[in-house]
Amino acid sequence: MATTTDWNPILRAEFDKPYWSELMAFVAEERATKEIFPPHEDVFAALHLTPYADVKVLILGQDPYHGPGQAHGLCFSVRDGIRVPPSLVNIYKELEFDLGLPIPASGNLERWARQGVLLLNTSLTVRSGDAASHQGRGWEVFTDEVIHAVNRKSDRVVFVLWGASARKKKDFIDTSRHVIIESPHPSPLSAHRGFFGTRPFSRANDALVAAGREPVDWSLEPS
């Protein structure tokens, strides 16, 4: 992790724990013999693009995309020019329904990240074509600490938990200060079971404004 990020002092103690050296050795061995996503330089992109001091919304994903060219370190996001994945297609449909914003052509969510929306996966690497292949190796210990650190912020943060895996983190969050928005996952397998119509974007902004914080400009299309 780059030393320039303000996350470093907050998370530094993790790097001295036994699980961290084991995790780093595992990922290095995997990269030496297999194709691993995202690229090494993008693994911590969520923390680099969204400083701790700026976090106002945390959207929690699970695994990085495991298709070629997709994952770049932000949950649900893909780089410009990459086909928008099905879960993000449904997120965009809800964005249009909720705020009346046009459905973006690109799946790149960096604009959200630069506004204080922490786009965090619970596992930060994955083997090509093999979903969940790096789960249970230690990433969850690290990303749980990220969630705990965000929970310790005195300013209100909105935690957006989509799907059963993300919703398991509810117990980490102090709802006397923070707000939880939860629903089924936007995946085509579950979106129709209660994701559509939840208006997470306007609800997040309402919660931020009520706490005296700036709302997020959720638009992704060039103005």
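- The neighbour count for K168 NZ, taken as heavy atoms of other residues, nucleotides or ligands under 6.0 Å away, does not exceed 12.
- Side-chain atoms of V160 and V117, non-hydrogen and from C-beta on, never get closer than 4.5 Å to each other.
- Looking at R152 and E145, a side-chain N of the basic residue comes within less than 4.0 Å of a carboxylate O on the acidic one, giving a salt bridge.
- Without hydrogens or angle criteria, T33 side chain to E29 main chain gives a donor-acceptor distance under 3.5 Å.
- In the hydrophobic clustering of this structure, F159 groups with L47; members are Ile, Leu, Val, Met, Phe, Trp, Tyr whose side-chain heavy atoms approach within less than 4.5 Å, directly or through other members.
- Nearest heavy atoms, N121 versus L74: ND2-C, 4.4 Å.
- Two residues are said to be in side-chain contact when any heavy atoms from C-beta on lie closer than 4.5 Å; V27 and R137 fail this criterion.
- Ring geometry, W20 versus F15: the interplanar angle falls from 30° to 60°, so the pair is classed tilted.
- Under a hydrophobic-cluster definition in which Ile, Leu, Val, Met, Phe, Trp and Tyr are linked whenever side-chain heavy atoms come within less than 4.5 Å, directly or via other members, F195 and L95 are assigned to the same cluster.
- When all heavy atoms of L208 and R156 are compared, the closest pair comes out as CD2-O, 4.1 Å.
- Taking all atoms of both residues into account, the shortest heavy-atom contact from V126 to A132 is CG2-N, 4.0 Å.
- Under the 4.5 Å side-chain criterion, counting only non-hydrogen atoms from C-beta, F26 is not in contact with E22.
- K17 and E14 are joined by a salt bridge, as a carboxylate oxygen and a charged side-chain nitrogen come within less than 4.0 angstrom of each other.
- Scanning both residues, T5 and P9, for their nearest heavy atoms gives O-CD, 4.0 Å.
- At least one donor-acceptor pair under 3.5 Å links the side chain of T50 to the backbone N or O of A113.
- Nearest approach of A45 to H72, heavy atoms of both residues: CB-O, 3.4 Å.
- The shortest side-chain heavy-atom distance between T122 and D144 does not fall under the 4.5 Å cut-off.
- Side-chain contact annotation: T125 with H134, donor-acceptor N/O pair under 3.5 Å present.
- A heavy-atom distance below 4.5 Å is found between the side chains of W218 and N205.
- Ion pairing of D42 with R79 is present here, as a side-chain N (NZ or NE/NH1/NH2) and a carboxylate O approach within less than 4.0 Å.
- Taking a cutoff of 4.0 Å between a charged side-chain nitrogen and a carboxylate oxygen, D98 and R203 do not qualify as a salt bridge.
- With contacts defined as side-chain heavy-atom distances shorter than 4.5 Å, the pair E94/P186 does not qualify.
- A 6.0 Å sphere centred on CZ of R83 holds no more than 12 heavy atoms belonging to other residues, nucleotides or ligands.
- Side chain of S128 to main chain of E35: no donor-acceptor pair is present (N/O by atom type, distance under 3.5 Å, no hydrogens or angles).
- Connection of L99 to L220 is established within a shared hydrophobic cluster, with ILVMFWY side chains joined at heavy-atom distances below 4.5 Å, either directly or through further cluster members.
- Ring geometry, W112 versus F201: the interplanar angle falls from 30° to 60°, so the pair is classed tilted.
- For the residue pair L124 and P38, the shortest heavy atom distance occurs at O-CD, 3.2 Å.
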Worked check of side-chain contact (heavy atoms from CB on, under 4.5 Å) between L109 and I59
CA-CA 12 Å; L109 303 181; I59 298 178; over 6 Å; no
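- Looking only at side-chain heavy atoms (C-beta outward), K153 and Y52 come within less than 4.5 Å of each other.
- For the pair D155 and K56, the salt-bridge criterion is not met [side-chain N within less than 4.0 Å of a carboxylate O].
- Hydrophobic clustering (ILVMFWY, side-chain heavy atoms < 4.5 Å, transitive): F97 and I103 are in distinct clusters.
- Between W162 and F76, a ring centre-to-centre spacing shorter than 6.0 Å is recorded.
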V158/V216 under side-chain contact (heavy atoms from CB on, under 4.5 Å): CA gap, chis, key distance, verdict:
CA-CA 11 Å; V158 180; V216 175; over 6 Å; no
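- Cluster annotation: L60 and V157 are assigned to the same hydrophobic cluster (Ile/Leu/Val/Met/Phe/Trp/Tyr, side-chain heavy-atom contacts under 4.5 Å, transitive).
- Counting only heavy atoms from C-beta outward, the side chains of Q135 and Q62 approach each other to under 4.5 Å.
- The environment of E41 atom CD is dense: over 12 non-hydrogen atoms of other residues, nucleotides or ligands sit within 6.0 angstrom.
- The number of heavy atoms from other shown groups lying within 6.0 Å of NE2 (H40) does not exceed 12.
- The backbone N or O of N151 sits less than 3.5 Å from a side-chain atom of R177, completing a donor-acceptor pair.
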